[in-house]
Amino acid sequence: MSPREVLGQAARLASSGLLLQVLFRLITFVLNAFILRFLSKEIVGIVNVRLTLLYSTTIFLAREAFRRACLSGSTQRDWSQTLNLLWLTVPLGVFWSVFLGWAWLQLLAVPDPDVIPHYGTGVVLFGFSAVVELLGEPFWVLAQAHMFVKLKVIAESLSVILKSVLTAFLVVCLPHWGLYIFSLAQLFYTAVLVLCYVIYFTKLLGSPESAKQQVLPVSRMTDLLPTITRSRAFVNWEEAKLTWSFFKQSFLKQILTEGERYVMTFLNVLNFGDQGVYDIVNNLGSLVARLIFQPIEESFYIFFAKVLEREKDATLQKQEDVAVAAAVLESLLKLALLTGLTISVFGFAYSQLALDIYGGAMLSSGSGPVLLRAYCLYVLLLAINGVTECFTFAAMSKEEVDRYNFTMLGLSSSFLLLSYLLTHWCGSVGFILANCFNMGIRITQSLCFIHRYYRKSPHKPLAGLFLSPVLLGAFALSGGITAVSEVRRPAAFTPHDFAACPLSLVPGIPFLLCLTQLDKYLLPLTPSPKLLGQHLMIEMTDQWYPWEQSRP
(Lines give C-alpha, C1' and ligand atoms only; values in the text may rest on other atoms or scores of the structure.)
Protein backbone atom coordinates (compact mmCIF):
# COMPACT_ATOMS: atom_id res chain seq x y z
CA MET A 1 0.00 0.00 0.00
CA SER A 2 1.47 3.37 -1.03
CA PRO A 3 1.97 6.22 1.47
CA ARG A 4 -0.83 8.25 -0.10
CA GLU A 5 -3.24 5.33 0.17
CA VAL A 6 -2.30 4.95 3.83
CA LEU A 7 -2.78 8.70 4.27
CA GLY A 8 -6.22 8.48 2.66
CA GLN A 9 -7.29 5.73 5.03
CA ALA A 10 -5.85 7.55 8.05
CA ALA A 11 -7.67 10.75 7.06
CA ARG A 12 -10.89 8.81 6.57
CA LEU A 13 -10.47 7.15 9.97
CA ALA A 14 -9.80 10.47 11.72
CA SER A 15 -12.62 12.35 9.98
CA SER A 16 -15.23 9.66 10.57
CA GLY A 17 -14.07 9.29 14.15
CA LEU A 18 -14.36 13.03 14.67
CA LEU A 19 -17.87 13.41 13.25
CA LEU A 20 -19.33 10.32 14.89
CA GLN A 21 -17.73 11.07 18.24
CA VAL A 22 -19.12 14.62 18.18
CA LEU A 23 -22.61 13.24 17.62
CA PHE A 24 -22.40 10.54 20.28
CA ARG A 25 -20.54 12.74 22.78
CA LEU A 26 -23.27 15.38 22.53
CA ILE A 27 -25.82 12.77 23.57
CA THR A 28 -23.58 11.63 26.44
CA PHE A 29 -22.96 15.26 27.41
CA VAL A 30 -26.69 15.87 27.87
CA LEU A 31 -27.15 12.65 29.84
CA ASN A 32 -24.23 13.42 32.16
CA ALA A 33 -25.51 16.96 32.76
CA PHE A 34 -28.83 15.41 33.78
CA ILE A 35 -27.16 12.85 36.09
CA LEU A 36 -25.16 15.56 37.90
CA ARG A 37 -28.39 17.09 39.23
CA PHE A 38 -28.99 13.95 41.32
CA LEU A 39 -25.49 13.37 42.74
CA SER A 40 -23.41 14.81 45.54
CA LYS A 41 -19.88 16.05 45.02
CA GLU A 42 -18.57 13.31 47.30
CA ILE A 43 -19.91 10.37 45.32
CA VAL A 44 -18.70 12.00 42.09
CA GLY A 45 -15.23 12.23 43.63
CA ILE A 46 -15.20 8.54 44.64
CA VAL A 47 -16.48 7.26 41.28
CA ASN A 48 -14.71 9.60 38.88
CA VAL A 49 -11.39 9.77 40.72
CA ARG A 50 -10.71 6.71 42.87
CA LEU A 51 -12.67 3.91 41.16
CA THR A 52 -12.05 5.19 37.64
CA LEU A 53 -8.35 5.44 38.48
CA LEU A 54 -8.36 1.76 39.46
CA TYR A 55 -10.00 0.84 36.15
CA SER A 56 -7.83 3.07 33.94
CA THR A 57 -4.59 2.01 35.63
CA THR A 58 -5.39 -1.67 35.16
CA ILE A 59 -6.32 -1.16 31.52
CA PHE A 60 -3.35 1.05 30.73
CA LEU A 61 -0.70 -1.15 32.31
CA ALA A 62 -2.14 -4.30 30.77
CA ARG A 63 -2.64 -3.22 27.16
CA GLU A 64 -1.05 0.12 26.16
CA ALA A 65 2.39 -1.31 25.39
CA PHE A 66 0.88 -4.23 23.44
CA ARG A 67 -1.21 -1.85 21.34
CA ARG A 68 1.72 0.33 20.34
CA ALA A 69 4.02 -2.59 19.55
CA CYS A 70 1.45 -4.59 17.57
CA LEU A 71 0.32 -1.58 15.51
CA SER A 72 3.87 -0.73 14.44
CA GLY A 73 5.08 -1.84 11.04
CA SER A 74 3.24 -3.41 8.14
CA THR A 75 0.12 -5.55 8.30
CA GLN A 76 2.08 -8.21 6.39
CA ARG A 77 3.20 -10.33 9.34
CA ASP A 78 2.50 -13.61 11.09
CA TRP A 79 -0.76 -12.57 12.70
CA SER A 80 -1.07 -15.77 14.73
CA GLN A 81 2.01 -14.70 16.73
CA THR A 82 0.70 -11.16 17.08
CA LEU A 83 -2.66 -12.42 18.33
CA ASN A 84 -0.93 -14.73 20.78
CA LEU A 85 0.97 -11.76 22.14
CA LEU A 86 -2.23 -9.74 22.47
CA TRP A 87 -3.98 -12.48 24.44
CA LEU A 88 -1.30 -12.10 27.12
CA THR A 89 -3.05 -8.85 28.09
CA VAL A 90 -5.80 -10.89 29.80
CA PRO A 91 -3.66 -12.66 32.46
CA LEU A 92 -1.67 -9.47 32.87
CA GLY A 93 -4.94 -7.61 33.45
CA VAL A 94 -6.02 -10.18 36.04
CA PHE A 95 -2.75 -9.66 37.91
CA TRP A 96 -3.02 -5.86 37.93
CA SER A 97 -6.72 -6.00 38.83
CA VAL A 98 -6.09 -8.20 41.87
CA PHE A 99 -2.99 -6.31 43.02
CA LEU A 100 -4.50 -2.83 42.59
CA GLY A 101 -7.84 -3.94 44.05
CA TRP A 102 -6.03 -5.10 47.19
CA ALA A 103 -4.22 -1.75 47.41
CA TRP A 104 -7.48 0.19 46.98
CA LEU A 105 -9.14 -1.79 49.78
CA GLN A 106 -6.26 -2.17 52.23
CA LEU A 107 -3.94 0.82 51.76
CA LEU A 108 -6.37 3.68 51.02
CA ALA A 109 -8.80 5.33 53.39
CA VAL A 110 -12.27 3.81 53.07
CA PRO A 111 -15.05 6.43 52.75
CA ASP A 112 -17.84 6.67 55.32
CA PRO A 113 -20.36 3.92 54.43
CA ASP A 114 -23.24 6.14 55.55
CA VAL A 115 -22.28 8.77 52.97
CA ILE A 116 -20.92 6.47 50.24
CA PRO A 117 -22.17 2.88 50.66
CA HIS A 118 -20.90 -0.31 48.95
CA TYR A 119 -17.33 0.88 48.37
CA GLY A 120 -15.83 -2.64 48.49
CA THR A 121 -18.23 -3.96 45.88
CA GLY A 122 -17.39 -0.99 43.68
CA VAL A 123 -13.67 -1.78 43.80
CA VAL A 124 -14.26 -5.45 42.87
CA LEU A 125 -16.62 -4.70 39.98
CA PHE A 126 -14.49 -1.90 38.51
CA GLY A 127 -11.46 -4.23 38.53
CA PHE A 128 -13.47 -7.04 36.97
CA SER A 129 -14.78 -4.72 34.24
CA ALA A 130 -11.18 -3.95 33.23
CA VAL A 131 -10.50 -7.68 32.72
CA VAL A 132 -13.68 -8.04 30.65
CA GLU A 133 -12.60 -5.20 28.37
CA LEU A 134 -9.21 -6.83 27.76
CA LEU A 135 -11.00 -9.83 26.22
CA GLY A 136 -11.69 -7.65 23.19
CA GLU A 137 -8.09 -6.48 22.70
CA PRO A 138 -7.16 -8.84 19.80
CA PHE A 139 -10.29 -7.72 17.93
CA TRP A 140 -9.50 -4.03 18.56
CA VAL A 141 -5.90 -4.26 17.29
CA LEU A 142 -6.91 -6.26 14.21
CA ALA A 143 -9.58 -3.68 13.39
CA GLN A 144 -7.21 -0.74 13.89
CA ALA A 145 -4.39 -2.31 11.87
CA HIS A 146 -6.73 -2.76 8.91
CA MET A 147 -8.39 0.63 9.45
CA PHE A 148 -11.98 -0.47 9.94
CA VAL A 149 -13.28 3.05 9.97
CA LYS A 150 -16.63 2.94 11.72
CA LEU A 151 -16.28 -0.03 14.01
CA LYS A 152 -14.18 1.51 16.78
CA VAL A 153 -16.13 4.76 16.98
CA ILE A 154 -19.58 3.18 16.90
CA ALA A 155 -18.67 0.43 19.39
CA GLU A 156 -17.18 2.85 21.94
CA SER A 157 -19.83 5.53 21.48
CA LEU A 158 -22.72 3.08 21.69
CA SER A 159 -21.25 1.60 24.87
CA VAL A 160 -20.84 5.02 26.48
CA ILE A 161 -24.38 6.09 25.59
CA LEU A 162 -25.95 2.89 26.93
CA LYS A 163 -23.86 3.21 30.08
CA SER A 164 -25.10 6.79 30.59
CA VAL A 165 -28.72 5.77 29.97
CA LEU A 166 -28.46 2.93 32.50
CA THR A 167 -26.80 5.24 35.04
CA ALA A 168 -29.47 7.90 34.62
CA PHE A 169 -32.24 5.32 35.03
CA LEU A 170 -30.74 3.82 38.19
CA VAL A 171 -29.89 7.20 39.72
CA VAL A 172 -33.49 8.36 39.33
CA CYS A 173 -35.24 5.11 40.25
CA LEU A 174 -32.86 3.51 42.76
CA PRO A 175 -30.75 6.31 44.31
CA HIS A 176 -30.18 4.29 47.51
CA TRP A 177 -28.05 1.77 45.63
CA GLY A 178 -25.06 4.12 45.87
CA LEU A 179 -21.94 2.74 44.20
CA TYR A 180 -23.86 -0.30 42.94
CA ILE A 181 -25.25 2.00 40.25
CA PHE A 182 -21.91 3.06 38.83
CA SER A 183 -20.29 -0.37 39.23
CA LEU A 184 -23.03 -2.13 37.30
CA ALA A 185 -23.01 0.59 34.64
CA GLN A 186 -19.23 0.23 34.21
CA LEU A 187 -19.47 -3.55 33.86
CA PHE A 188 -22.32 -3.13 31.38
CA TYR A 189 -20.19 -0.69 29.36
CA THR A 190 -17.26 -3.08 28.95
CA ALA A 191 -19.52 -6.03 28.15
CA VAL A 192 -21.30 -4.10 25.37
CA LEU A 193 -17.96 -2.86 24.00
CA VAL A 194 -16.52 -6.36 23.69
CA LEU A 195 -19.75 -7.77 22.27
CA CYS A 196 -19.77 -5.12 19.53
CA TYR A 197 -16.38 -6.32 18.29
CA VAL A 198 -17.24 -10.02 18.62
CA ILE A 199 -20.53 -9.65 16.75
CA TYR A 200 -18.93 -7.55 14.03
CA PHE A 201 -16.13 -10.03 13.33
CA THR A 202 -18.52 -12.97 13.55
CA LYS A 203 -20.67 -11.45 10.81
CA LEU A 204 -17.69 -10.30 8.76
CA LEU A 205 -15.99 -13.70 8.80
CA GLY A 206 -19.28 -15.24 7.75
CA SER A 207 -19.36 -13.08 4.61
CA PRO A 208 -18.29 -14.36 1.14
CA GLU A 209 -14.70 -15.60 0.95
CA SER A 210 -13.70 -13.08 -1.74
CA ALA A 211 -14.54 -10.16 0.55
CA LYS A 212 -12.61 -11.55 3.53
CA GLN A 213 -9.40 -12.38 1.70
CA GLN A 214 -8.96 -8.80 0.52
CA VAL A 215 -8.41 -7.45 4.00
CA LEU A 216 -8.22 -9.95 6.87
CA PRO A 217 -5.41 -12.39 7.75
CA VAL A 218 -7.93 -14.75 9.41
CA SER A 219 -10.76 -16.70 7.87
CA ARG A 220 -12.78 -17.86 10.90
CA MET A 221 -13.31 -16.85 14.51
CA THR A 222 -11.18 -19.68 15.91
CA ASP A 223 -8.16 -18.12 14.14
CA LEU A 224 -8.42 -15.23 16.59
CA LEU A 225 -7.85 -17.51 19.58
CA PRO A 226 -4.37 -18.36 20.93
CA THR A 227 -2.61 -21.11 18.96
CA ILE A 228 0.44 -23.20 19.84
CA THR A 229 2.49 -24.86 17.10
CA ARG A 230 5.84 -26.64 17.18
CA SER A 231 7.02 -25.11 13.91
CA ARG A 232 7.38 -21.56 15.23
CA ALA A 233 7.60 -19.56 18.44
CA PHE A 234 4.48 -18.72 20.39
CA VAL A 235 5.08 -14.96 19.89
CA ASN A 236 7.23 -12.77 17.67
CA TRP A 237 10.18 -11.96 19.92
CA GLU A 238 10.90 -8.67 18.14
CA GLU A 239 7.35 -7.55 18.93
CA ALA A 240 7.75 -8.84 22.48
CA LYS A 241 10.95 -6.82 23.00
CA LEU A 242 9.32 -3.71 21.58
CA THR A 243 6.35 -4.33 23.88
CA TRP A 244 8.66 -4.40 26.90
CA SER A 245 10.21 -1.09 25.83
CA PHE A 246 6.79 0.47 25.44
CA PHE A 247 5.67 -1.03 28.74
CA LYS A 248 8.41 0.80 30.64
CA GLN A 249 7.46 3.98 28.83
CA SER A 250 3.71 3.40 29.34
CA PHE A 251 4.18 2.94 33.06
CA LEU A 252 5.76 6.38 33.28
CA LYS A 253 3.30 7.93 30.84
CA GLN A 254 0.41 6.70 32.99
CA ILE A 255 1.84 8.60 35.97
CA LEU A 256 1.99 11.74 33.85
CA THR A 257 -1.47 11.21 32.39
CA GLU A 258 -3.26 10.39 35.65
CA GLY A 259 -0.74 11.97 38.03
CA GLU A 260 -3.17 14.36 39.67
CA ARG A 261 -5.53 11.50 40.48
CA TYR A 262 -2.70 9.52 42.05
CA VAL A 263 -1.76 12.53 44.18
CA MET A 264 -5.39 13.07 45.22
CA THR A 265 -5.89 9.37 45.95
CA PHE A 266 -2.70 8.54 47.85
CA LEU A 267 -1.76 11.89 49.44
CA ASN A 268 -5.27 13.14 50.36
CA VAL A 269 -4.54 16.74 49.35
CA LEU A 270 -8.25 17.31 48.54
CA ASN A 271 -11.44 15.99 50.11
CA PHE A 272 -13.86 13.89 48.07
CA GLY A 273 -16.08 16.90 47.29
CA ASP A 274 -13.21 18.99 45.88
CA GLN A 275 -12.01 15.94 43.97
CA GLY A 276 -15.46 15.64 42.41
CA VAL A 277 -15.54 19.28 41.25
CA TYR A 278 -12.01 19.05 39.88
CA ASP A 279 -12.78 15.88 37.95
CA ILE A 280 -15.96 17.30 36.41
CA VAL A 281 -14.12 20.42 35.26
CA ASN A 282 -11.23 18.27 34.04
CA ASN A 283 -13.58 16.09 31.96
CA LEU A 284 -15.38 19.12 30.57
CA GLY A 285 -12.11 20.84 29.71
CA SER A 286 -10.70 17.76 28.02
CA LEU A 287 -13.83 17.22 25.93
CA VAL A 288 -12.24 18.80 22.87
CA ALA A 289 -9.08 16.77 23.39
CA ARG A 290 -11.10 13.54 23.39
CA LEU A 291 -13.32 14.55 20.47
CA ILE A 292 -10.70 16.05 18.15
CA PHE A 293 -7.14 15.40 19.23
CA GLN A 294 -7.41 11.76 20.31
CA PRO A 295 -8.93 10.42 17.03
CA ILE A 296 -6.31 12.37 15.06
CA GLU A 297 -3.46 11.13 17.23
CA GLU A 298 -4.55 7.48 17.09
CA SER A 299 -5.23 7.52 13.33
CA PHE A 300 -2.07 9.32 12.27
CA TYR A 301 0.13 7.31 14.63
CA ILE A 302 -0.86 4.33 12.49
CA PHE A 303 -0.10 6.36 9.35
CA PHE A 304 3.38 7.41 10.50
CA ALA A 305 4.15 3.90 11.79
CA LYS A 306 3.29 2.39 8.41
CA VAL A 307 5.05 5.00 6.26
CA LEU A 308 8.30 5.43 8.24
CA GLU A 309 10.83 2.78 9.22
CA ARG A 310 11.94 2.86 12.84
CA GLU A 311 15.55 1.77 12.51
CA LYS A 312 16.49 3.98 9.53
CA ASP A 313 17.54 7.61 9.25
CA ALA A 314 15.27 9.87 7.19
CA THR A 315 17.91 10.15 4.44
CA LEU A 316 18.04 6.35 4.04
CA GLN A 317 14.31 5.86 3.54
CA LYS A 318 12.14 6.37 0.47
CA GLN A 319 12.11 10.12 -0.04
CA GLU A 320 8.50 10.06 -1.20
CA ASP A 321 7.50 8.52 2.13
CA VAL A 322 9.58 11.02 4.09
CA ALA A 323 8.10 13.95 2.13
CA VAL A 324 4.52 12.81 2.65
CA ALA A 325 5.12 12.30 6.38
CA ALA A 326 6.66 15.78 6.67
CA ALA A 327 3.77 17.43 4.83
CA VAL A 328 1.18 15.66 6.97
CA LEU A 329 3.04 16.52 10.18
CA GLU A 330 3.22 20.20 9.22
CA SER A 331 -0.51 20.30 8.50
CA LEU A 332 -1.36 18.52 11.76
CA LEU A 333 0.80 20.92 13.79
CA LYS A 334 -0.93 23.92 12.28
CA LEU A 335 -4.36 22.40 12.85
CA ALA A 336 -3.51 21.63 16.48
CA LEU A 337 -2.14 25.12 17.07
CA LEU A 338 -5.19 26.84 15.57
CA THR A 339 -7.63 24.68 17.52
CA GLY A 340 -5.76 25.14 20.79
CA LEU A 341 -5.48 28.92 20.39
CA THR A 342 -9.19 29.20 19.60
CA ILE A 343 -10.12 27.28 22.75
CA SER A 344 -7.70 29.27 24.90
CA VAL A 345 -8.87 32.68 23.64
CA PHE A 346 -12.61 32.12 23.83
CA GLY A 347 -12.68 29.63 26.70
CA PHE A 348 -11.21 32.09 29.18
CA ALA A 349 -14.22 34.43 29.10
CA TYR A 350 -16.93 31.82 28.66
CA SER A 351 -15.82 29.36 31.38
CA GLN A 352 -18.36 30.45 33.98
CA LEU A 353 -21.20 30.34 31.46
CA ALA A 354 -20.25 26.83 30.34
CA LEU A 355 -20.11 25.52 33.91
CA ASP A 356 -23.42 27.13 34.85
CA ILE A 357 -25.16 25.50 31.91
CA TYR A 358 -23.54 22.12 32.48
CA GLY A 359 -23.75 21.65 36.24
CA GLY A 360 -25.52 24.65 37.76
CA ALA A 361 -24.30 26.53 40.82
CA MET A 362 -22.36 23.51 42.11
CA LEU A 363 -19.81 24.10 39.34
CA SER A 364 -20.12 27.77 38.35
CA SER A 365 -19.47 29.00 41.89
CA GLY A 366 -16.29 28.47 43.88
CA SER A 367 -13.16 27.21 42.16
CA GLY A 368 -14.88 25.81 39.05
CA PRO A 369 -14.41 28.80 36.68
CA VAL A 370 -10.76 29.29 37.67
CA LEU A 371 -10.07 25.61 37.01
CA LEU A 372 -11.68 25.69 33.57
CA ARG A 373 -9.82 28.86 32.57
CA ALA A 374 -6.51 27.25 33.48
CA TYR A 375 -7.53 24.14 31.59
CA CYS A 376 -8.08 26.16 28.41
CA LEU A 377 -4.35 26.93 28.36
CA TYR A 378 -3.60 23.29 29.05
CA VAL A 379 -5.70 22.25 26.02
CA LEU A 380 -3.39 24.27 23.77
CA LEU A 381 -0.40 22.30 25.06
CA LEU A 382 -2.35 19.02 24.80
CA ALA A 383 -3.08 19.70 21.14
CA ILE A 384 0.55 20.29 20.20
CA ASN A 385 1.86 17.43 22.33
CA GLY A 386 -0.59 14.92 20.85
CA VAL A 387 0.66 15.59 17.33
CA THR A 388 4.38 15.74 18.17
CA GLU A 389 4.36 12.55 20.27
CA CYS A 390 2.22 10.82 17.65
CA PHE A 391 5.08 11.28 15.16
CA THR A 392 7.88 10.75 17.68
CA PHE A 393 6.66 7.40 19.00
CA ALA A 394 6.06 6.13 15.45
CA ALA A 395 9.55 7.13 14.21
CA MET A 396 11.73 6.31 17.25
CA SER A 397 13.95 3.24 17.21
CA LYS A 398 13.87 0.78 20.08
CA GLU A 399 17.02 2.32 21.56
CA GLU A 400 15.55 5.82 21.33
CA VAL A 401 12.38 4.62 23.03
CA ASP A 402 14.49 3.24 25.88
CA ARG A 403 16.40 6.52 26.23
CA TYR A 404 13.15 8.44 26.22
CA ASN A 405 12.00 6.32 29.15
CA PHE A 406 14.65 7.89 31.36
CA THR A 407 13.33 11.34 30.48
CA MET A 408 9.81 10.21 31.31
CA LEU A 409 11.08 8.91 34.67
CA GLY A 410 12.44 12.35 35.55
CA LEU A 411 9.21 14.00 34.37
CA SER A 412 7.11 11.64 36.46
CA SER A 413 9.07 12.40 39.61
CA SER A 414 9.04 16.16 39.03
CA PHE A 415 5.33 16.12 38.23
CA LEU A 416 4.36 14.36 41.45
CA LEU A 417 6.51 16.71 43.51
CA LEU A 418 5.32 19.81 41.67
CA SER A 419 1.66 18.75 41.95
CA TYR A 420 1.97 18.28 45.69
CA LEU A 421 3.66 21.67 46.19
CA LEU A 422 1.40 23.67 43.86
CA THR A 423 -1.75 22.12 45.32
CA HIS A 424 -0.75 23.24 48.82
CA TRP A 425 0.06 26.70 47.43
CA CYS A 426 -2.95 27.43 45.17
CA GLY A 427 -5.46 24.59 45.64
CA SER A 428 -6.76 22.28 42.95
CA VAL A 429 -5.63 24.57 40.12
CA GLY A 430 -2.09 23.52 41.04
CA PHE A 431 -2.71 20.18 39.33
CA ILE A 432 -3.38 21.93 36.02
CA LEU A 433 -0.31 24.16 36.38
CA ALA A 434 1.87 21.11 37.06
CA ASN A 435 0.40 19.41 34.00
CA CYS A 436 1.19 22.46 31.88
CA PHE A 437 4.81 22.41 33.05
CA ASN A 438 5.29 18.73 32.26
CA MET A 439 3.45 18.97 28.96
CA GLY A 440 5.79 21.78 27.94
CA ILE A 441 8.82 19.59 28.70
CA ARG A 442 7.37 16.69 26.70
CA ILE A 443 6.67 18.98 23.74
CA THR A 444 10.24 20.25 23.86
CA GLN A 445 11.58 16.68 23.82
CA SER A 446 9.43 15.76 20.82
CA LEU A 447 10.31 18.93 18.90
CA CYS A 448 14.01 18.24 19.39
CA PHE A 449 13.55 14.71 18.02
CA ILE A 450 11.61 15.97 14.97
CA HIS A 451 14.26 18.62 14.30
CA ARG A 452 17.04 16.01 14.42
CA TYR A 453 15.03 13.59 12.29
CA TYR A 454 14.61 16.08 9.41
CA ARG A 455 17.87 17.97 9.95
CA LYS A 456 19.59 16.50 6.86
CA SER A 457 16.51 16.64 4.63
CA PRO A 458 14.99 19.62 2.80
CA HIS A 459 11.67 19.22 4.63
CA LYS A 460 10.80 21.51 7.55
CA PRO A 461 7.58 20.22 9.16
CA LEU A 462 8.06 22.41 12.26
CA ALA A 463 7.12 25.40 10.08
CA GLY A 464 3.55 24.41 10.97
CA LEU A 465 4.04 26.04 14.38
CA PHE A 466 4.46 29.52 12.87
CA LEU A 467 1.32 31.55 12.16
CA SER A 468 1.05 34.82 10.31
CA PRO A 469 1.08 38.08 12.35
CA VAL A 470 -2.39 38.97 11.03
CA LEU A 471 -3.96 35.82 12.42
CA LEU A 472 -2.15 36.22 15.74
CA GLY A 473 -3.47 39.80 15.87
CA ALA A 474 -7.00 38.53 15.31
CA PHE A 475 -6.61 36.12 18.22
CA ALA A 476 -5.27 38.89 20.46
CA LEU A 477 -8.11 41.27 19.51
CA SER A 478 -10.75 38.58 20.08
CA GLY A 479 -9.26 37.73 23.46
CA GLY A 480 -9.23 41.37 24.52
CA ILE A 481 -12.85 41.95 23.54
CA THR A 482 -14.05 38.81 25.32
CA ALA A 483 -12.23 39.89 28.48
CA VAL A 484 -13.78 43.37 28.36
CA SER A 485 -17.26 42.00 27.62
CA GLU A 486 -17.11 39.76 30.69
CA VAL A 487 -15.78 42.46 33.03
CA ARG A 488 -18.26 45.11 31.90
CA ARG A 489 -21.44 43.09 32.09
CA PRO A 490 -23.81 44.48 34.77
CA ALA A 491 -23.64 42.82 38.18
CA ALA A 492 -27.32 41.89 37.93
CA PHE A 493 -26.68 39.85 34.78
CA THR A 494 -26.74 36.10 35.09
CA PRO A 495 -24.57 33.97 32.84
CA HIS A 496 -27.63 33.27 30.70
CA ASP A 497 -28.25 36.99 30.26
CA PHE A 498 -24.61 37.40 29.28
CA ALA A 499 -25.02 34.81 26.55
CA ALA A 500 -27.75 36.94 25.01
CA CYS A 501 -25.73 40.17 25.22
CA PRO A 502 -24.71 41.48 21.73
CA LEU A 503 -21.27 42.40 23.07
CA SER A 504 -20.51 38.74 23.66
CA LEU A 505 -20.87 38.11 19.91
CA VAL A 506 -18.38 40.80 18.88
CA PRO A 507 -15.16 38.83 19.57
CA GLY A 508 -15.87 36.34 16.85
CA ILE A 509 -16.07 38.94 14.07
CA PRO A 510 -12.33 39.54 13.46
CA PHE A 511 -11.61 35.89 14.03
CA LEU A 512 -14.19 34.73 11.49
CA LEU A 513 -12.93 37.29 8.98
CA CYS A 514 -9.48 35.77 9.21
CA LEU A 515 -10.81 32.24 8.87
CA THR A 516 -12.48 33.20 5.58
CA GLN A 517 -9.01 34.07 4.27
CA LEU A 518 -7.08 31.04 5.47
CA ASP A 519 -4.89 30.78 2.39
CA LYS A 520 -3.95 34.45 2.68
CA TYR A 521 -3.17 34.72 6.39
CA LEU A 522 -1.70 31.30 7.12
CA LEU A 523 1.77 30.27 6.11
CA PRO A 524 1.57 27.87 3.13
CA LEU A 525 0.41 24.40 3.99
CA THR A 526 1.21 21.22 2.15
CA PRO A 527 -1.47 20.22 1.44
CA SER A 528 -3.45 23.44 1.78
CA PRO A 529 -6.35 23.61 4.26
CA LYS A 530 -8.89 23.81 1.47
CA LEU A 531 -7.50 20.80 -0.37
CA LEU A 532 -7.29 18.81 2.88
CA GLY A 533 -10.89 19.75 3.68
CA GLN A 534 -12.05 18.73 0.21
CA HIS A 535 -10.23 15.41 0.57
CA LEU A 536 -11.87 14.69 3.91
CA MET A 537 -15.33 15.64 2.62
CA ILE A 538 -14.93 13.34 -0.39
CA GLU A 539 -13.82 10.49 1.84
CA MET A 540 -16.73 11.02 4.23
CA THR A 541 -19.35 10.75 1.45
CA ASP A 542 -18.25 7.22 0.55
CA GLN A 543 -19.76 4.03 1.85
CA TRP A 544 -17.39 2.70 4.53
CA TYR A 545 -16.84 -1.03 4.38
CA PRO A 546 -13.80 -2.85 5.74
CA TRP A 547 -13.11 -4.54 2.40
CA GLU A 548 -13.36 -1.24 0.48
CA GLN A 549 -10.42 -0.76 -1.90
CA SER A 550 -8.43 2.47 -1.70
CA ARG A 551 -8.76 4.99 -4.49
CA PRO A 552 -6.01 4.91 -7.11
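Numbers here are sequence positions counted from 1. Side chains included, hydrogens not; waters and symmetry mates left out as well; all remaining heavy atoms used.
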Pairwise side-chain contact, Val387 with Phe293, heavy-atom cut-off 4.5 Å (strictly under): no

Would you check if the side chain of Thr190 reaches a backbone N or O of Leu187 as a donor-acceptor pair within less than 3.5 Å? yes

Residue pair Ile450 / Leu462: nearest heavy atoms and the distance that separates them: CG2-CD2, 3.8 Å

When you compare the side chain of Phe169 with that of Leu174, does any pair of heavy atoms fall below 4.5 Å? no

Any side-chain heavy atom of Pro111 within less than 4.5 Å of one from Phe272? yes

Stacked cation flag Arg67 on Phe246, 6.0 angstrom / 45 deg: no

Pro369 side chain near Leu355 side chain, heavy-atom distance below 4.5 Å: yes

Checking Thr388 side chain against Asn385 main chain: does a donor-acceptor pair fall under 3.5 Å? yes

Hey, what's the ring geometry for Tyr262 with Phe266, parallel, tilted or perpendicular (30° and 60° as the breaks)? parallel

Report the C-alpha distance between Tyr404 and Glu389 in whole Å, list the side-chain angles of each, state the deciding distance to 0.1 Å, and finish with yes or no for side chain to side chain contact (heavy atoms under 4.5 Å, CB included). CA-CA 11 Å; Tyr404 189 78; Glu389 284 197 345; 3.2 Å; yes

Check whether Ser97 reaches the backbone of Gly127 with its side chain - one donor and one acceptor, N or O, closer than 3.5 Å. yes

Note, Val123 side chain near Leu100 side chain (heavy atom, < 4.5 Å): no

Which atom names give the shortest non-hydrogen contact between Ala326 and Pro461, and what distance separates them? O-CB, 3.5 Å

Should the pair Tyr55 and Phe126 be assigned to parallel (<30°), tilted (30 to 60°) or perpendicular (>60°) ring geometry? perpendicular

If we ignore hydrogens and angles and just use 3.5 Å, is the side chain of Thr52 paired with the main-chain N or O of Val49 as donor and acceptor? no

Would you call the rings of Phe300 and Phe304 parallel, tilted or perpendicular if under 30° counts as parallel and over 60° as perpendicular? tilted

Begin with the C-alpha distance, continue with both residues' side-chain angles, and end with the deciding distance and a verdict on side chain to side chain contact (heavy atoms under 4.5 Å, CB included) for Thr57 and Glu258. CA-CA 8 Å; Thr57 303; Glu258 302 280 6; 5.7 Å; no

What are the two closest non-hydrogen atoms of Ile116 and Glu42, and how far apart are they? CD1-O, 3.8 Å

Mind telling me whether Trp96 and Phe99 have parallel, tilted or perpendicular rings, with 30° and 60° as the class edges? perpendicular

I'd like to know if the side chain of Tyr375 reaches the main chain of Val281, judged simply by a donor and an acceptor atom lying under 3.5 Å from each other, with no hydrogens or angles considered. no

Glu260 and side chain to side chain contact (heavy atoms under 4.5 Å, CB included): which single residue from Val269, Asp279, Asn435 fits? Asn435

Minimal heavy-atom distance between Thr58 and Gly93, with the atoms involved, is CG2-O, 3.7 Å

Student check: side-chain heavy atoms of Leu341 and Leu467 closer than 4.5 Å: yes

Please confirm whether the ring centroid of Tyr453 lies under 6.0 Å from the ring centroid of Phe391. yes

Do Val379 and Ser344 have side chains that get closer than 4.5 Å, going by heavy atoms? no

Considering only NZ, NE, NH1 and NH2 on the basic side and carboxylate oxygens on the acidic side, decide whether Arg68 and Glu64 come within less than 4.0 Å. yes

Indicate whether any N or O donor in one side chain lies under 3.5 Å from an N or O acceptor in the other, for Tyr301 and Gln144. no

With a 4.5 Å heavy-atom cut-off, do Ile357 and Leu353 have their side chains touching? yes

Trp425 and Phe431: CA distance, side-chain angles, deciding distance, ring pair (Phe, Tyr, Trp, His ring centres under 6.0 Å) verdict: CA-CA 11 Å; Trp425 176 48; Phe431 286 120; over 10 Å; no

